[in-house]
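The next block holds one structure in the form of structure tokens; read it before the comments.
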Number of protein chains: 2
Amino acid sequence: MVKMDRGLLMPASREALPLDRILRDDCVRAMALLPDKSIDCIFADPPYNLQLGGDLHRPDGTMVDAVDDDWDKFESYYTYDRFTRAWLREARRVLKDDGTIWVIGSYHNIFRVGTSLQDEGYWLLNDIIWRKANPMPNFKGTRFTNAHETLIWAAKSEESRYTFNYQAMKALNEDVQMRSDWSLPLCGGAERLKDDDGNKAHPTQKPEALIYRILLATTKPGDVVLDPFFGTGTTGAVAKRLGRRWIGIEREAKYVRVARERIAAALPLDESAMTVMPSRRSAPRVAFGTLVEAGLVPPGTMLSDARRRWAAVVRADSSLMHEGQSGSIHKLGAALQGAPSCNGWTFWHMERAPGQLEPIDTVRQAWLAQAPAS
Amino acid sequence: MVKMDRGLLMPASREALPLDRILRDDCVRAMALLPDKSIDCIFADPPYNLQLGGDLHRPDGTMVDAVDDDWDKFESYYTYDRFTRAWLREARRVLKDDGTIWVIGSYHNIFRVGTSLQDEGYWLLNDIIWRKANPMPNFKGTRFTNAHETLIWAAKSEESRYTFNYQAMKALNEDVQMRSDWSLPLCGGAERLKDDDGNKAHPTQKPEALIYRILLATTKPGDVVLDPFFGTGTTGAVAKRLGRRWIGIEREAKYVRVARERIAAALPLDESAMTVMPSRRSAPRVAFGTLVEAGLVPPGTMLSDARRRWAAVVRADSSLMHEGQSGSIHKLGAALQGAPSCNGWTFWHMERAPGQLEPIDTVRQAWLAQAPAS
DNA sequence: CGAGGCGATGAATCAACTG
DNA sequence: GCAGTTGATTCATCGCCTC
């Protein structure tokens, strides 16, 4: 028996939980009705508090469909912190002592979430980077492409004996330990839910592969997973497929409707279908600039083609310069030859020993052998 | 002249700064002696061991007791926050209005740093993931391999017009935008500094490639870079190499000694190697009318967009005319597409050879190449 | 039926100068 | 300070259509 904070006694048994159901309500209010220490794992995708300004146009003149929903608007950092602490406190109460919580966010909110987690007594286990294989570019060229989101994985306390399926993660990752950076594509294509008008049903739907990895890593079959910001129910759909029980909380009726339909249609899936090996394509590649930064091809190096018809100097940003013309190893190679394109890796050579030209591709190969990309 | 907060008037001129020097002192105390708004860029690698004790000091220089129990953990977060805010506040004072700051950390401290940055009035521009190509494995198999660190890049305020060398970063990354995740190896091998006993001279020496990318992206040659936690002087060595000025602050004499030697041995790049791809925003402006007057685009020329959906004729005053509509190359392009704005230079094309359309921007480039800078 | 072109789009804190 | 003008700026993926 567990004493609830309104003074009632309530069984913490599985039967008391609204399993495999969506509660349409504010998440703090809905969690308040759940017993203490009854949940194995929480996945939370709270509002990010993006603080966007005016419209943003792509170079082709079309407008970016921004997240401008009311649920993402907060008056101040202070207001956002109060909101965050309220739901984190309630989440910690319903979490079992050995349970863990996942929260996802971007640089707009994740630092405040992390601070709040620590201040509320959680014990951080990892921060995980979801490296987006296909992020939206930075259209104006004003910053680095915002190409990732951050997840925090935390236990209820430092003493917690939490679930981590080490071998399952290793198996999922070509038999090497799963790292803290995960390369996964955005949710799109057939997986992306549409409303009746053909528009996206929810502005921030997460890919199932992300939740799949989370639940596979940190829950056991039959565990109860709570999602206080359920949206279109990705957590419910994946939990059902993986044989976990789930509870979703969502305030907006239209999302609840979409989620119900979706989860009803979800089939427990053959595990092999989801155990996608990290594809070479999604792995980071080696740019010529990496070799320049690393000092293998220092700025100032002279490069030439195999027959020494042209020579060029490597600049600090790895662009090449030849008699006032400049560009990347590929672009300048193409321009000098008058060709539409050129593989700079094989076109340009450096003199590693006197009189001996070697294509810069051999430098790249040496680099790859010494510091593998994965 | 700049008014300092202790009521003295002090010149903010470059001569007043201890350029290319290491100040052996506590960073808050040393920064207090620097003038307001005198620094272009700050790189900071603050201590983050919350529980290990030893490295954590209060702003007044006294040491924090290492503590383990829950109550004192809160005390230690609180103390760490106070320390963080103290140096961030002083850093913001010495930063120019258009300057930026970089801070690196791990999940132990980066959330508190990010929150403090926001609370102190900084405006976050990006969080950058340093994805370690060769991280230390997790030996116990109890968590995901901690394979990255996080950097935060922030401007002094939302209105700041900060430096970002977009084209240089694009060049460094095979001609596609630089993303927020950077894959770089740990600092090791010959780069890793050793003390007389052959042990590593500093426990958290950062790779030069990381600082190289940071300084190349967000500073200009001659800019002043401040590092308040200088350690073995990686920031100084890279700044010297890239033709930037630097100021280092370090409390421990043994690190100061190592850093001095190291930086003295670093070789600056020569001028030609140091240049990077210029931003087009900094190129001199050329009015379309200039090209019309010069006869490169004679009045009467027919222009069209790349897909020949619209055609327009150039008038004597360099305005364009299309079926009764007229306006500048930009205005008419925007109007025809129904877009709020349009770059007429890349939108409009002329037929220089039969069947071959070329953007009028190439005419401008030709003009710029022929008429040297004013 | 396959290759290739075209259009759409994704949690985005997305310009700078002149008058 | 505000308004108007100039002009710099995009990557990967998916679906649909044409050839």
Side-chain angles (χ1 to χ4, degrees), chain A residues 45-69 71-74 77 104-110 130 132-150 185-192 194 198-200 202-207 229 231 281-282, chain B residues 118 122-127 153-155 157-162 164 166-167 170 173-180 278-283 285-289 306-307 327-331 333-334 339-348 360-361 364:
Chain A
D45 183 7
Y48 287 8
N49 187 24
L50 283 187
Q51 305 174 252
L52 300 180
D55 291 341
L56 178 63
H57 295 269
R58 302 166 192 271
D60 66 6
T62 62
M63 205 166 73
V64 173
D65 183 17
V67 176
D68 55 359
D69 308 68
W71 50 253
D72 196 47
K73 291 192 170 37
F74 294 83
Y77 290 132
I104 185 168
S106 67
Y107 69 86
H108 309 84
N109 72 320
I110 198 66
W130 169 27
K132 299 179 183 181
N134 51 343
M136 187 161 80
N138 180 294
F139 295 116
K140 305 288 190 198
T142 56
R143 303 181 180 191
F144 298 96
T145 308
N146 190 8
H148 73 274
E149 293 190 23
T150 301
L186 296 174
C187 176
E191 190 187 328
R192 188 84 194 209
K194 303 282 200 292
N199 300 314
K200 55 190 174 192
H202 193 284
T204 73
Q205 187 184 338
K206 297 293 177 288
F229 305 95
R281 233 177 4 160
S282 64
Chain B
Q118 290 180 317
Y122 291 96
W123 187 246
L124 304 195
L125 297 170
N126 277 116
D127 59 337
W153 179 41
S157 76
E158 187 175 357
E159 295 74 35
S160 172
R161 287 163 38 179
Y162 51 88
F164 179 58
Y166 174 77
Q167 294 294 346
K170 195 171 168 177
N173 195 41
E174 301 270 285
D175 279 334
V176 295
Q177 295 188 333
M178 187 67 81
R179 303 167 37 113
S180 56
S279 84
R280 289 184 214 163
R281 284 194 176 98
S282 63
R285 289 191 166 201
V286 176
F288 183 57
R307 290 174 28 202
S328 70
I329 53 172
H330 312 296
K331 274 261 164 93
S341 72
C342 165
N343 182 352
W345 291 108
T346 50
F347 179 76
W348 293 107
I360 55 176
D361 193 44
R364 177 171 61 159

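Here is how names work: the chains are called A, B, and so on, in the same order as the sequence lines, proteins then strands, and each is numbered from 1. Keep in mind that what you see is a predicted model, and the values were worked out from it rather than measured. Computation of the quantities below employed the complete heavy-atom set of this structure, encompassing side-chain atoms and omitting hydrogens, waters and symmetry-equivalent molecules.
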When you measure from the side chain of A:Thr145 to the backbone N and O of A:Pro137, does any donor-acceptor pair fall under 3.5 Å? no
Base, sugar-phosphate, or nothing: which does A:Thr204 touch, judged by heavy atoms less than 4.0 Å apart? base
Quick one: is C:dT13 close enough that its OP1 or OP2 comes under 4.0 Å of any side-chain N or O from A:Tyr107? yes
Which part of the nucleic acid, if any, lies within contact of B:Arg280, taking any heavy atom under 4.0 Å across all strands shown: a base, the sugar-phosphate backbone alone, or nothing? sugar-phosphate
Which of these, B:Tyr162, B:Phe164, B:Tyr166, sits in a side chain to side chain contact (heavy atoms under 4.5 Å, CB included) with A:Thr142? B:Tyr162
Between D:dG7 (C1') and A:His57 (NE2): distance, integer Å: 15 Å
Would you say C:dG10 has OP1 or OP2 under 4.0 Å from some side-chain N or O of A:Lys200? yes
On DNA chain C, nearest-nucleotide positions of B:Arg281 versus A:Lys132: which is more 5'? A:Lys132
Hey, does A:Cys187 reach any base, or is it just sugar-phosphate, or nothing, if we go heavy atoms under 4.0 Å? nothing
Can a side chain N or O of B:Tyr122 be found less than 4.0 Å away from OP1 or OP2 on C:dT13? no
Donor-acceptor under 3.5 Å (B:Ser157 side chain, B:Glu159 main chain): yes
Is A:Phe139 stacked against the base of C:dC14, taking the criterion as centroid distance under 5.5 angstrom and interplanar angle under 30°? no
Looking at A:Lys206 and A:Asp45, is there a salt bridge between them, counting it only when a charged N and a carboxylate O are closer than 4.0 Å? yes
Between A:Asp72 (side chain only) and A:Asn49 (backbone N and O only), is there a donor and an acceptor less than 3.5 Å apart? yes
Ring of A:Trp130, cation from A:Lys132 - is the NZ or CZ under 6.0 Å from the centre and inside 45° of the axis? yes
Atom-to-atom span, CG of A:Asn138 to P of D:dT9 - whole angstrom: 11 Å
When we call it a touch if two heavy atoms are under 4.0 Å apart, what does B:Gln177 touch: a base, just sugar-phosphate, or nothing? sugar-phosphate
Specify the separation, in whole Å, of atom NZ of A:Lys73 and atom P of C:dT13. 15 Å
Answer with base, sugar-phosphate or nothing: what part of the nucleic acid does A:Val64 contact at a heavy-atom distance below 4.0 Å? base
Taking OP1 and OP2 of D:dG7, is either one under 4.0 Å from a side-chain nitrogen or oxygen of B:His330? yes
Should B:Arg161 be listed as having a side-chain N or O under 4.0 Å from OP1 or OP2 of C:dC17? yes
Between CG of B:Leu124 and P of C:dC14 the distance, given in whole Å, is 13 Å
Quick one: is D:dT10 close enough that its OP1 or OP2 comes under 4.0 Å of any side-chain N or O from A:Lys140? no
Take atom CG of A:Asp55 and atom P of C:dT13, then tell me their distance rounded to the nearest Å. 15 Å
Mapping A:Gly198 and A:Pro137 onto DNA chain C by nearest heavy atom, which one lands closer to the 5' end? A:Gly198
Rounded to whole Å, please give me the gap between CH2 in B:Trp348 and P in D:dG7. 16 Å
Nearest-angstrom distance from the residue atom CG of B:Asp361 to P of D:dT9: 10 Å
Do B:Asn343 and B:His330 come within less than 4.5 Å of each other through their side chains, counting heavy atoms only? yes
Under 4.0 Å, heavy atoms only, any strand: does A:Pro207 hit a base, just the sugar-phosphate, or nothing? nothing
Counting only side-chain N and O atoms of A:Gln51, is one of them less than 4.0 Å from OP1 or OP2 of C:dA11? no
At under 4.0 Å, does any side-chain N or O of B:Lys170 touch on OP1 or OP2 of D:dT9? no
Sugar-phosphate, base or nothing in reach of B:Ala287, heavy atoms under 4.0 Å: nothing
Angle between ring planes, B:Trp153 versus A:Phe144, binned at 30° and 60°: parallel, tilted or perpendicular? perpendicular
Quiz question: going by heavy-atom distance under 3.5 Å, is there a donor-acceptor pair between the base of C:dG10 and the side chain of A:Arg58? yes
Is any side-chain nitrogen or oxygen of B:Asn343 closer than 4.0 Å to OP1 or OP2 of D:dA8? yes
Answer with yes or no whether A:Asn146 presents, from its side chain, a donor or acceptor under 3.5 Å of a partner atom in the base of C:dA12. no
Contact class for B:Ser341 (heavy atom, under 4.0 Å): base, sugar-phosphate, or nothing? base
Tell me, what's DNA chain C's dot-bracket, Watson-Crick or G-U with both distances under 3.5 Å, | for other-strand, [ ] crossing? .|||||||||....|||||
Find the distance A:Met136:CE to C:dC14:P and express it as a whole number of Å. 11 Å
Check every strand shown and say whether B:Glu174 touches a base, only sugar-phosphate, or nothing at a heavy-atom separation below 4.0 Å. nothing
Under 4.0 Å, heavy atoms only, any strand: does A:Lys206 hit a base, just the sugar-phosphate, or nothing? base
Scan A:Pro185 against the nucleic acid and name what it touches under 4.0 Å (heavy atoms): base, sugar-phosphate only, or nothing. nothing
Would you classify A:Asp72 as touching base, sugar-phosphate or nothing, given that sugar-phosphate means primed atoms plus P, OP1 and OP2, and contacts are heavy atoms under 4.0 Å? base
Could you walk me through whether A:His108 and B:Trp123 satisfy the ring-ring contact (aromatic ring centres under 6.0 Å, His included) test, starting with their C-alpha distance in whole Å, then the side-chain angles of each, then the deciding distance to 0.1 Å, before giving a yes or no? CA-CA 10 Å; A:His108 309 84; B:Trp123 187 246; 8.7 Å; no
